[in-house]
Amino acid sequence: MLITLMFRLVCARCRMETVSSALESLLVAAQRRDCLTVGVYESAKLMNVDPDSVVLCVLATDAEDSDDIALQIHFTLLQAFCCDNDINILRVSGLRRLAQLLDEETADENGNGKEPRDLHCLLVTNPPVEPLQCQALSDISSFCSESRCRNQWVPALELQAR
């Protein structure tokens, strides 16, 4: 019985690493194809105008964001909207890793600071013309669907900084 439990834990950890890797690949591919919306307000605007184009909503926080009541309210509203519109949702920790993936540098080549984008909410859209067709999107969709079957409506992942 203990061996079975340990095997399940190892398999679950491997599954999470696979899904995390798929998410990273998907976000990079979506950004390259201009199918990524970044920011809480930008995401809310897009979902209000064209919710059918959204295939994934990523809500990202780190420990220091847990006391941000405004952000938590935005997340609650975004989650409700996504559930009502059958949009897959993931909660992610690891804003630093997201910044690395999306090439978010806070200073330009002259050392001048740039305002970083709000990475707390990311939307992946799938345009009807030349839709995203990648294994990563399929893997994420399957993971979200499996999670819902286990009554985990908003699955969580942890991205590791590299």
Side-chain angles (χ1 to χ4, degrees), residues 12-13 15-108 112-127 132 134 136-137 139-162:
R13 182 182 169 110
R15 174 74 169 142
M16 296 304 264
E17 288 175 7
T18 300
V19 172
S20 294
S21 179
L23 177 62
E24 290 182 7
S25 297
L26 176 61
L27 293 176
V28 170
Q31 183 175 27
R32 283 188 191 133
R33 299 240 351 245
D34 200 27
C35 295
L36 187 67
T37 300
V38 177
V40 172
Y41 295 108
E42 294 81 356
S43 297
K45 284 191 290 187
L46 175 65
M47 286 199 288
N48 190 42
V49 173
D50 190 13
D52 294 335
S53 70
V54 180
V55 294
L56 178 65
C57 177
V58 177
L59 302 174
T61 58
D62 281 330
E64 59 269 11
D65 296 317
S66 63
D67 293 334
D68 188 338
I69 301 302
L71 183 62
Q72 298 308 319
I73 290 170
H74 287 300
F75 279 8
T76 300
L77 294 171
L78 288 165
Q79 285 174 197
F81 189 89
C82 289
C83 287
D84 286 348
N85 289 277
D86 296 321
I87 298 169
N88 289 322
I89 316 166
L90 284 176
R91 288 286 295 238
V92 173
S93 62
L95 283 168
R96 196 165 162 213
R97 178 63 182 148
L98 285 175
Q100 289 173 341
L101 284 170
L102 303 176
D103 292 326
E104 288 295 310
E105 297 180 24
T106 57
D108 63 16
N112 298 323
K114 293 189 309 187
E115 186 69 29
R117 294 189 294 176
D118 173 16
L119 298 178
H120 288 102
C121 184
L122 307 170
L123 295 182
V124 176
T125 56
N126 205 1
L132 280 171
C134 60
L137 178 57
D139 291 345
I140 296 293
S141 296
S142 294
F143 174 72
C144 290
S145 178
E146 292 166 11
S147 296
R148 283 191 300 275
C149 288
R150 293 189 311 269
N151 288 325
Q152 185 181 9
W153 293 96
V154 184
L157 294 175
E158 184 175 336
L159 300 179
Q160 301 294 324
R162 294 183 186 165

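None of these values were measured; they are calculated from a predicted model.
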Can you find a pair of side-chain heavy atoms, one from [X] and one from [Y], that are under 4.5 Å apart?
X	Y	result
Met47	Asn85	no
Leu122	Val92	no
Arg117	Leu102	yes

What distance do [X] atom [atom1] and [Y] atom [atom2] have between them, rounded to the nearest 0.5 Å?
X	Y	atom1	atom2	value
Leu59	Leu90	CG	CG	8.5 Å
Leu27	Leu98	CG	CG	6.5 Å
Phe143	Asn88	CZ	CG	10.5 Å
Ser21	Leu159	OG	CG	10.0 Å
Ile73	Leu78	CD1	CG	12.0 Å
His74	Gln79	NE2	CD	13.0 Å

So does [Y] get a backbone contact from the side chain of [X], meaning a donor-acceptor N/O pair under 3.5 Å?
X	Y	result
Asp84	Phe81	no
Asp62	Glu64	no
Ser66	Ala63	yes
Ser141	Leu137	yes

Check Thr61 against Leu71 and note the closest heavy-atom contact, atom names and distance.
CG2-CD2, 4.1 Å
Cys121 and Cys57: which non-hydrogen atoms are nearest, and at how many Å?
SG-SG, 4.0 Å
Under the criterion side chain to side chain contact (heavy atoms under 4.5 Å, CB included), I'd like the reasoning laid out for Gln31 against Asp103: C-alpha separation, chi angles, the key distance, then a yes or no.
CA-CA 10 Å; Gln31 183 175 27; Asp103 292 326; 5.5 Å; no
Using the side-chain contact (heavy atoms from CB on, under 4.5 Å) criterion, which residues pair with Gln152? Sequence neighbours excluded.
Ser147, Arg150, Pro155
So, using side-chain contact (heavy atoms from CB on, under 4.5 Å) as the criterion, who are the partners of Asp50 when residues are at least two apart?
Leu46, Asp52, Ser53
Option among Thr125, Leu26, Ile89, Leu123 that satisfies the side-chain contact (heavy atoms from CB on, under 4.5 Å) test with Leu56:
Leu26
Is there a side chain to side chain contact (heavy atoms under 4.5 Å, CB included) between Val124 and Leu36 once you walk through the steps?
CA-CA 5 Å; Val124 176; Leu36 187 67; 4.0 Å; yes
Is the number of heavy atoms from other residues, nucleotides or ligands within 6.0 Å of CZ (Arg91) greater than 12?
yes
List the residues meeting side-chain hydrogen bond (donor to acceptor under 3.5 Å, both in side chains) with Ser25, not counting sequence neighbours, and say none if there are none.
none
Working for side chain to side chain contact (heavy atoms under 4.5 Å, CB included), residues Leu119 and Val38:
CA-CA 6 Å; Leu119 298 178; Val38 177; 3.6 Å; yes
